[in-house]
Amino acid sequence: MARSPETVPVPDERAPGETPALDGAAVDGSDEAPGFRVALSNFEGPFDLLLSLIAKHELDITEVSLSAVTDEFISYLRGLDSAEELDRASEFLVVAATLLDLKVAGLLPQGELVDAEDVALLEARDLLFARLLQYRAFKEASRWFAAHLESESLRHPRSVRLEERFRRREPELRWTLSAEDFAALATLALTPRAVPTVGLDHLHAPLVSIREQAAHVVAVLRRGEPVTFRELIAGIGQRGVVVARFLAVLELYRHSAIGFEQLEPLGELTLRWAAESWSDENLESLGADYDE
Amino acid sequence: MQDRGPELSIVTPLDVPGQAQLDLDRALEAILFIADEPQGVVQLAAAVARPVAEVRAAIARLVADYDGTGTSGEPRTDIAEEEASARGIRRGFELREVGGGWRFYVRAEYDTLVADFVFTQSSSKLSQAALETLAVIAYKQPISRPSIAAIRAVNVDSVVRTLLGRGLITEVDTDAETGAILYGTTDLLLTNIGINSVDELPHISPLLDDGQGGFDLD
Amino acid sequence: MQDRGPELSIVTPLDVPGQAQLDLDRALEAILFIADEPQGVVQLAAAVARPVAEVRAAIARLVADYDGTGTSGEPRTDIAEEEASARGIRRGFELREVGGGWRFYVRAEYDTLVADFVFTQSSSKLSQAALETLAVIAYKQPISRPSIAAIRAVNVDSVVRTLLGRGLITEVDTDAETGAILYGTTDLLLTNIGINSVDELPHISPLLDDGQGGFDLD
């Protein structure tokens with residue numbers, strides 16, 4: 001399953017590695033606009049295309065350097081100015097979280113199917129692929145919606161005032177409101193809509209705080225010794241915590257608080273403390289992108 | 001959208017890039033079809049950038065067409081006019097000149113049918129949406145349709161039409177800058193509520209006076 | 001208003017005392033002409049007191065008539081049908097089936113021309129997040145907010161609120177087990193995207209059905 005991208009025969013698609021100019025739209029019907037592009041050692045092109053290839057198993061997720069993707073994304077973010085582009089950027093966060101999930105699942109040792117945990121891991125991986133595909137499918141569907149809403153907004157339905165002679169045939173209005181009722185109605189109509197909060201928390205899986213995970217990572221790394229990511233997640237059973245810790249690592253890296261070292265693809269990821277000055281206040285703003 | 005190139009072919013509103021020139025009769029038909037108020041021939045002539053006399057002739061053809069006594073379409077020299085004499089369909093609607101302009105009306109024979117339909121369709125009570133929109137207008141008058149829509153965060157066209165039709169609101173003015181129609185409430189509304197003037201409406205929180213702010217219009 | 005007297009001659013709304021029976025096609029034409037929202041065939045059939053199948057056939061004739069590809073009027077046995085093949089006029093308006101019913105629209109070629117004539121309300125565009133959430137709801141309805149959130153992997157509360165406020169989605173049901181509100185799309189959405197039923201949404205990969213398998217379909 002984990003085929004190397006260099007040796008993959010690509011039946012109806014162009015080779016992923018050597019086609020920097022190919023247009024994502026032609027492949028997956030996505031953005032014609034130049035969106036976020038990535039340039040990795042084994043892939044260069046639009047982000048959507050990267051996703052599409054990963055989803056088709058034509059590019060193994062473990063071969064993709066997500067730190068490089070993230071680096072590129074951060075520099076891409078710096079160049080953004082319009083709201084539309086920011087929309088695009090926030091999409092990335094959603095997909096990136098899934099990708100990180102995937103990568104974590106992909107990196108963890110698989111071995112033989114010896115115990116239920118391994119099976120669960122593989123299932124989780126398939127589910128993640130499915131989630132990615134589903135995400136992309138709805139994203140594409142949303143383009144159809146946008147196009148139709150746009151074209152339909154230019155159409156003109158006949159919608160003219162009812163002729164006077166028919167108006168008189170309407171049933172007489174039964175008015176039941178007092179002035180006070182009417183004022184209450186006005187208050188209701190003019191009040192900025194308050195957020196209707198329905199307690200849904202019990203329906204969600206427990207949330208993992210990236211900030212808390214970052215605090216843990218900071219605490220471990222500030223001792224000064226380099227630590228591998230494997231060590232950092234040793235003993236954690238919940239996938240969500242692993243993912244959050246990984247995101248925390250990325251966030252800390254983004255704040256130049258830590259540095260990475262990875263000698264070879266798939267190799268051990270070693271983290272070390274890099275911040276010259278750090279106060280716990282820095283944690284406050286960390287991971288704010290992931291808050292909703 | 002389309003590359004119009006350097007040509008200067010767009011001369012009138014009837015020339016639309018990428019399609020055959022619009023027929024004058026059909027163009028007038030389309031305009032009258034969506035117009036709320038009777039349209040004067042001068043207005044119409046301006047809209048299609050054609051001489052008033054041509055517009056008059058076109059309207060005469062349309063009237064005959066809908067009456068089933070003639071056909072419409074600009075006289076053409078490029079194709080033979082074989083069917084000019086064809087007996088047409090007497091439509092369920094007609095074009096009539098009222099108040100200095102032309103407007104579509106339901107043909108009189110269908111009045112009873114249409115009136116019954118209107119009667120069954122409309123209710124003796126206003127919808128919640130209509131009541132809320134009415135309240136917005138009452139407290140914010142004079143107010144334009146876009147401003148109401150901004151407050152209600154929905155399209156209010158049909159609701160405003162209903163309220164106008166019910167005689168609860170009326171057009172009171174026109175916005176000097178945008179030309180948008182401004183709406184206000186009528187005496188009928190005051191009568192219904194049982195007050196003499198809008199000043200007697202109960203005071204509502206001044207916080208709401210700007211009616212904006214905090215709305216995520218998305 | 002009118003004294004209908006004691007006669008029992010009024011059998012259907014198409015029989016009007018003192019005039020020839022109304023033609024079904026023309027009657028529907030007149031009703032659709034004043035309606036300001038899409039009219040379902042059942043409603044129309046009730047208005048004219050004729051079977052739904054006949055109304056459907058009549059609408060098909062009207063559509064062809066306005067498109068200039070056919071003629072309308074009930075098939076008659078009493079007069080010879082000489083002109084059934086007559087090439088008709090392609091009208092400046094058309095009859096479209098949207099949002100669960102039939103409604104008159106200006107024909108698309110005339111949209112630019114008439115745009116200046118109508119007060120077009122510029123409704124603010126939906127954000128990408130809102131569009132994607134709308135897509136999820138459209139394809140997965142009825143769906144609860146937590147389920148939408150699970151698919152979108154983000155908090156969707158504010159977006160759902162926006163869509164509700166715009167009238168594009170509505171609460172359709174409650175989950176029997178969890179009590180969570182289930183959302184679905186409205187006829188207004190269908191009208192706004194110009195389709196008649198959710199069945200007309202473009203097909204998306206069947207892998208969405210179970211979230212498994214079929215990876216190569218893309």
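Letters go in sequence order (proteins before strands), and every chain restarts at 1.
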**Prompt:** Are there residues of residues 160-167 of chain B that reach to under 4.5 Å of chain A by heavy atoms, and which ones?
**Reply:**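 So far as heavy atoms go, B/R161, B/L164, B/G165, B/R166 are the residues that approach chain A to under 4.5 Å.
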**Asked** How would you list, by chain and number, every residue that makes a side chain to side chain contact (heavy atoms under 4.5 Å, CB included) with B/V172, sequence neighbours excluded?
**Response**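 For B/V172, the residues satisfying side chain to side chain contact (heavy atoms under 4.5 Å, CB included) (neighbours in sequence not counted) are B/P142, B/T170, B/L182.
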**Message:** Test of understanding: with side chain to side chain contact (heavy atoms under 4.5 Å, CB included), list the residues that count as partners of A/E150, not counting sequence neighbours.
**Reply:**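 For A/E150, the residues satisfying side chain to side chain contact (heavy atoms under 4.5 Å, CB included) (neighbours in sequence not counted) are C/K125.
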Is [X] in contact with chain A via its backbone, its side chain, both, or neither, using a 4.5 Å heavy-atom distance?
X	result
B/Q121	neither
B/L190	neither
B/F104	both

**Item:** Under-4.0 Å salt bridge between B/D65 and B/R26
**Value:**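 Result for this pair is yes, salt bridge flagged.
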**Request:** State plainly whether the residues B/E29 and B/R61 are in salt-bridge range, i.e. N to O under 4.0 Å.
**Result:**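 Result for this pair is no, no salt bridge flagged.
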**Request:** With B/R91 as the cation and B/Y66 as the aromatic partner, state whether NZ or CZ is under 6.0 Å from the six-membered ring centre and within 45° of the axis.
**Result:**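 Judged by the rule, B/R91 and B/Y66 form no cation-pi pair.
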**Request:** Compute the ring centroids of B/Y110 and B/F93, then answer whether they are less than 6.0 Å apart.
**Result:**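 No.
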**Prompt:** Do B/S147 side-chain atoms and B/I143 backbone N/O form a donor-acceptor pair below 3.5 Å?
**Reply:**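 Pair absent, no side-chain N/O of B/S147 close to backbone of B/I143.
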**Asked** What part of A/S159 lies closer than 4.5 angstrom to a heavy atom of chain B: side chain, backbone, both or neither?
**Response**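 Both the backbone and the side chain of A/S159 come within 4.5 Å of chain B.
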**Message:** Under the side chain to side chain donor-acceptor pair (under 3.5 Å) definition, can you give me all pairs with a residue in residues 95-108 of chain B, not counting sequence neighbours?
**Reply:**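 Passing the test, one end in residues 95-108 of chain B: B/D67-B/R107.
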**Request:** Among B/I137, B/V136, B/T133, B/L131, single out the residue with the greatest number of heavy-atom pairs under 4.5 Å to chain A.
**Result:**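 Sorted descending by pairs with chain A, the first entry is B/L131.
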